[in-house]
Every structure is written in C-alpha cells, then in structure tokens.
Amino acid sequence: MSERAAKVTPTDDEQTDEQITDSAAPDAATEPDSAAETESETTTEPVTSGAEAVVRALENAGVEYAFGVQGGAIMPVYDVLYDSDIRHVTMAHEQGAAHAADAYGIVSGEPGVCLATSGPGATNLVTGIADADMDSDPMLALTGQVPTEFVGNDAFQETDTTGVTTPITKDNTFASDADHVGSDVTEAFALAREGRPGPTLVDLPKDVTNGETDREPDEPKTPDTYHVQERADSEIVAAAAERIENADRPVMLLGGGVIKGEASEACREFAIEHEIPVITTMPGLGAFPEDHELSLEMAGMHGTGYANMAITHCDTLIGIGTRFDDRLTGGIETFAPDAEIIHVDIDPAEISKNIYADYPLVGDAETVVEQLAEAVDESPAATKWRAQCQQWKSDYSMAYEAPEDAPVQPEFVVEALDEATSDRAIVTTGVGQHQMWAAQYWTYTEPRTWVSSHGLGTMGYGLPAAIGARLAADDDQEVICVDGDGSFLMTLQGLSVAVRENLDITVAVLNNEYIGMVRQWQDAFFEGRHAASDYNWMPEFDKLAEAFGACGFRIDDYDDVADTIEEALAYDGPSVIDVHIDPDANVYPMVPSGGDNGQFALTEDQL
C-alpha cells in the first residue's frame, strides 16, 4: 500500500523551503477603490506566539475542520482557533474526535485533524490513533502538554504522550520551542498524507504555545530525508507482465492502498481490458464496482465463497495495496497455494512480510499499475477460468432466507438501506456482525464510500466516523452508519454533536441484544457459553435518540422496514433507527481463524 518508516531513508532529491511572506498591513487612511479591490487585498496578521504559529500552519495546509475537546494545556491553541476560519467541531469524547478525524481523512483524502489536552485528553485519543495507524489513514493529532519545565515531574495532567504514541504513529514530535512549532505542525501534516498515509502527532507544551515568536511556519513539506519510490523496477515489471500474459487462472486482489493511492480507475481499466476477475479486501471495498461481472467481491474470513475459491485455485495473484493480513489470508500455508504472487506496494516493508512475493513491485499503486498496463501486450487466455468463477458465484451465492413469520434478518435491512440510497452513499460501521453484513450485502461501486475499522477492529467507531464523513462528503451524498447495539452504546454520546451541528446522518442500529460476533464464536467454539456477551439490558435506542434531540425510529418486523428507512432518510438531521433483528442471526461464509480459505463454512455445523 505505502511506506511507513521511509522518512529516515536518505535521498538526493532537493526540496525548496518556502516561507510565507508577512503581509504588510494596509494604510488605515487609504480606502480601497472598489469591493473587488477589497477582496483581492487579503491581510494576514503576523504571527506573535507559538499557538498562532500552530493555527497558521493548519490554515496554510488548507485545513477546513478540526475535531477535539478543549482543556487546560491545549487552551492557547483553542484561543487562536476562536478567530480562525477553521471550523472546530467540539466532540463529546476525545476518542470520538480521533475517529471523526480518521473518517474525514478516508473520505476526503486529506489528513483529518484532532486536538486534545494533556494527560487524559491525549490518552483518550490513543485508540483512534492506533486505529488510523493500522489502516494507514491520514490524520494529524495535536495534544497539549504541561510546560516544558514540568515535564517528567508528574505534574497535574501530565502523560508522556510521545512515549505512549510513538509505536502507533508514522511520525511523532515533541515541540521544543515557539520558533519551530509551526514548522513541526506543517511537516507532520505533510508526512501524514505522503507515501503510505498514517497518523502523525505533535505534542505541544504550554510554554511553547504561549511563547513569543514572529516566525511564520513553512508550507507543508516532508523532510529532505523522506523518500518515496514512485516507480517499480522495470525488469521486475517486465517479468510480472510476462507472468500475467501466460496466466491461465489470474485474479487481481485490490486492497485499501488502491483507494488511498488514487489507483481505483487504473485498476478498473486494467482488469476490464484484460478480463481478469477482481477480488477486494475489506479495506478495498469500492475499489472495483461490485456490480461488474468481473467482480468476485470481498475475500477473507467473512468474504464470499466465490472470492475465496478463486484465491485458492488461481495460478497468478496480482495483489495491489494490500498487506495480506491474517483476516484475509487465513493460514499462510494454504493461501493461494498454486499461485505466483505479484505484489504492488509503496511500502517496501510490506513486501514478503506475510506472503512471499515472486514479483515484488515497490512503488505508487497508480504508477505501477500504469507500468504494468504498458508492459502487458496480450491478455491472458482465461476464458475457462472466468467461466469457473461465474460458476462459483452461482454455487456459493450470498442468498439468505427471510421468512415472514421469523424475526427481521439483518441482511434484508442492509439491502433495503442500499436500495434506498444512491451509489455514492457513504457507509460507516462499528465492528462486529453488523460490520460484516454491511460489507457483504451492500453493493459498493465507488471508492471512499466504505468507512470502517479494519486492522484494530474498534467497536464504537461508526457514529463518530459518520460525523467526520458527513463533513468531508459532498452535500448530495447520504451518510449511513450501520451499527450494532454494543458498538453504538460505546460512543453514542456523539449524538449530541450530530444534533448540535445539525448533521444529516442516518444510524441503523442492528440490535440483537448481544455482542453478536462474540456470541457467534461462543456458540461455535465455546459450547454456547455466553460469558459477558448477552446484552439484554440495552436501552431503547429510538427513545434515547429523541432524548438527545435526534429523530428516533423503531423496526420490529418486515412491514416496517421500507417505510421507516424512507422516513429516516428524509429527515433533515440525525436520525436513529433501532432495528430489532433476529438475535440468532450469524455471519456466513466464515473461515475459522488460521483456516483454509477454500474450506469456508456456510453453517455452524461446517465449522
């Protein structure tokens, strides 16, 4: 997908330091000749403090939104934000601020910004930072810190924030003086988005942000030592192209790096031109249109049976922007056992980390796919293979039963939401069964429309992510949060934010009164002993939504589904649908952890 620690790699590339020139204040006695002249003569006040340098750095980077919670150590920065054009969204919890910033970055492609004060404020960001790190999402975290002279003295609300977050950030800086703090922020912003995206953090001691300075921050740019390889080795590209031409059973596997690298269109064109079946990872949903005949949809633990069969039986696997994590591969020894692996990734550390790459192509996803497109002269002769893939789609279809006299099935609800919204609707989720149903039964056709927690698997991600996604999305894009009752309960205080900001989001809580995925595993592997997974004490979420000032709805049977969804979507503001689903509904197909993808289970009896 991209590179994580390449900032320490030397390079001969030269970069020019660009400083923002102070704008001279206009003569108070001089009146502009026209309104147009007034608009063209924008005046920027000179920087006078570290806090002003921090905010100026964000403004220079084009930041439009920041998500955070005010506090003592970060207060100087907030005081400057008060007069900034940057719109600050006060969240109800710092974890929500990090998730909102994360989702903003996923949808917009630009780093989302979150802020918190020292101590508990900073530590409350940690889950969201780790989530962004695992999924390579661009995010900048700014944390207040006690004055430098108190650092290490166990001062009030002191935490070693850089020490805590160094393992989960792409770049991590303790701001040491007011003259350099603005450039610290712009560099962190640039590092968050360049190459392999990821979270960066700048820790801001209060004496630094209160300190005097007249130094304007640099424009966002990476350090001179930071190097990203854009083009793959031409000899390996040629060898990989020859392998593709000679393949009998090729597949393309598109990961999240395809979307982050803006390579979706290049991959679509390549797959369609050469008629190669396409599989996505869960982070890669939307990289290839799932309504296309070449699409085999998502592979992995809860991927489609036909995607997993194709991986198991292919002879050439073109993996682009994927780290081949364990939820995708199952057992390493049984993953694509007959295939030669072509692996495209911007981060050299990912090549052969989990799955050995026969053709390691280090470089930017879009650039490398274009290199392959130029090098492949003949499409592989794979007519029989494509027919086999279509047969698997028939044999292992994602059909389900929905008897009218039974409780509402969650798959039905997801499909109804999909049918009621546009192809560009954005889906956010928490983590658990509902996340898998949303991945399986929504048809994704566009990139940056699927926003979820993959590597870390963070329950509670869905609602704050919907807030960030809403602010990053186009006005005509619907934002739907498909959540579970357990996940929703963890961060539902974010409803107060959605109501205050009048954000048009729709939350569908698939309520089975369980931590559903845990219950499913307990039934399958722990003799049905539901230790701490039975949540029959859940509140009535529709009424709780009303208490927050949102619009609440409830679904108990199939007759309610279509009309209720239509009404909730029509409401101009945040709405919550408490959908009471079959408590015994399970997610299938399923590959047991570490199992063989080709031996997926369709029922519990097959596990």
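Not measured: the values here are computed from a predicted model.
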Quick check: do [X] and [Y] have side-chain heavy atoms less than 4.5 Å from each other?
X	Y	answer
Leu489	Met538	yes
Ile426	Val451	yes
Leu607	Tyr588	yes
Val278	Val251	no

Go through the side-chain N and O atoms of [X] and [Y] and say whether any donor and acceptor fall under 3.5 Å apart.
X	Y	result
Gln435	Ser452	yes
Asn512	Gln433	yes
Tyr400	Glu415	yes
Ser533	Arg519	no

Q: Say whether, by atom type as modelled, one donor and one acceptor occur between the side chain of Thr458 and the main chain of Tyr461 under 3.5 angstrom.
A: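 No; zero donor-acceptor contacts below 3.5 Å.
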
**Q.** Test item: Lys170 side-chain N/O and Pro138 main-chain N/O as donor-acceptor pair under 3.5 Å
**A.**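 No, because the side chain of Lys170 does not come within donor-acceptor range (under 3.5 Å) of the backbone of Pro138.
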
Q) Passes side-chain contact (heavy atoms from CB on, under 4.5 Å), Met298 versus Tyr444? Steps please. A) CA-CA 10 Å; Met298 182 181 75; Tyr444 298 93; over 6 Å; no

Closest approach of [X] and [Y], non-hydrogen atoms and distance?
X	Y	result
Val126	Val164	CG2-CG1, 3.8 Å
His343	Thr322	NE2-O, 2.8 Å
Val587	Met436	CG1-CB, 3.6 Å
Val497	Thr90	CG2-O, 3.6 Å
Ala122	Ala116	N-CB, 4.1 Å
Ser487	Gly430	OG-CA, 3.9 Å

Quick one: pull up [atom1] in [X] and [atom2] in [Y] and give me the separation to the nearest 0.5 Å.
X	Y	atom1	atom2	result
Glu501	Leu471	CD	CG	7.0 Å
Leu125	Asp131	CG	CG	12.5 Å
Met252	Thr280	CE	OG1	11.5 Å
Ile320	Ser264	CD1	OG	10.0 Å
Leu417	Ile565	CG	CD1	4.0 Å
Thr429	Ile480	OG1	CD1	13.0 Å

Name all residues meeting the salt bridge (Lys or Arg N to Asp or Glu O under 4.0 Å) criterion together with [X]; count only those two or more places apart in sequence or in a different chain, and write none if there are none.
X	answer
Asp395	none
Arg268	none
Glu478	none

(Q) By the definition side-chain contact (heavy atoms from CB on, under 4.5 Å), identify the one residue from Val413, Val427, Val509, Asp418 that meets it with Val482. (A)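 By the side-chain contact (heavy atoms from CB on, under 4.5 Å) criterion, Val482 pairs with just one of Val413, Val427, Val509, Asp418: Val427.
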
Q) Trp521 and Ser593: side-chain contact (heavy atoms from CB on, under 4.5 Å), yes or no, with the steps? A) CA-CA 11 Å; Trp521 279 56; Ser593 182; 3.9 Å; yes

Q: Give the ring-plane orientation class for His454 versus Trp450, where under 30° counts as parallel, over 60° as perpendicular and anything between as tilted.
A: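 Tilted: the ring planes of His454 and Trp450 meet at 30° to 60°.
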
Q | ring-ring contact (aromatic ring centres under 6.0 Å, His included): pairs with one or both residues in residues 485-514, sequence neighbours excluded | A |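 Those involving residues 485-514 are Phe488-Phe541, Tyr514-His530.
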
(Q) Arg470 vs Asp504, test: salt bridge (Lys or Arg N to Asp or Glu O under 4.0 Å). Steps then yes/no. (A) CA-CA 7 Å; Arg470 176 69 276 166; Asp504 189 10; 5.1 Å; no

Q) Who pairs with Asp582 by side chain to side chain donor-acceptor pair (under 3.5 Å), at least two apart in sequence or on another chain? A)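 By the side chain to side chain donor-acceptor pair (under 3.5 Å) rule, Asp582 matches Gln409.
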
Q) Who are the side chain to side chain donor-acceptor pair (under 3.5 Å) partners of Asp137, not counting sequence neighbours? A)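 For Asp137, the residues satisfying side chain to side chain donor-acceptor pair (under 3.5 Å) (neighbours in sequence not counted) are Lys260.
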
Q.
Show, in sequence, the C-alpha distance, side-chain angles and deciding distance for Glu64 and Arg87, and conclude whether the salt bridge (Lys or Arg N to Asp or Glu O under 4.0 Å) test is met.
A. CA-CA 6 Å; Glu64 296 181 350; Arg87 179 178 168 187; over 6 Å; no

(Q) Any carboxylate oxygen within less than 4.0 angstrom of a Lys/Arg side-chain nitrogen, looking at Glu350 and Lys353? (A)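 Yes, charged N to carboxylate O under 4.0 Å.
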
Q: Using a cut-off of 6.0 Å, state whether more than 12 heavy atoms not belonging to Glu546 lie near its atom CD.
A: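 It does: Glu546 CD has more than 12 such atoms within range.
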
Q: With side-chain hydrogen bond (donor to acceptor under 3.5 Å, both in side chains) as the test, would you mind laying out the steps for Glu297 and Tyr306 before giving the verdict?
A: CA-CA 8 Å; Glu297 301 168 47; Tyr306 34 95; 3.0 Å; yes

Q) salt bridge (Lys or Arg N to Asp or Glu O under 4.0 Å) between Arg554 and Asp560: does it pass, once the steps are laid out? A) CA-CA 8 Å; Arg554 180 181 174 116; Asp560 299 335; over 6 Å; no

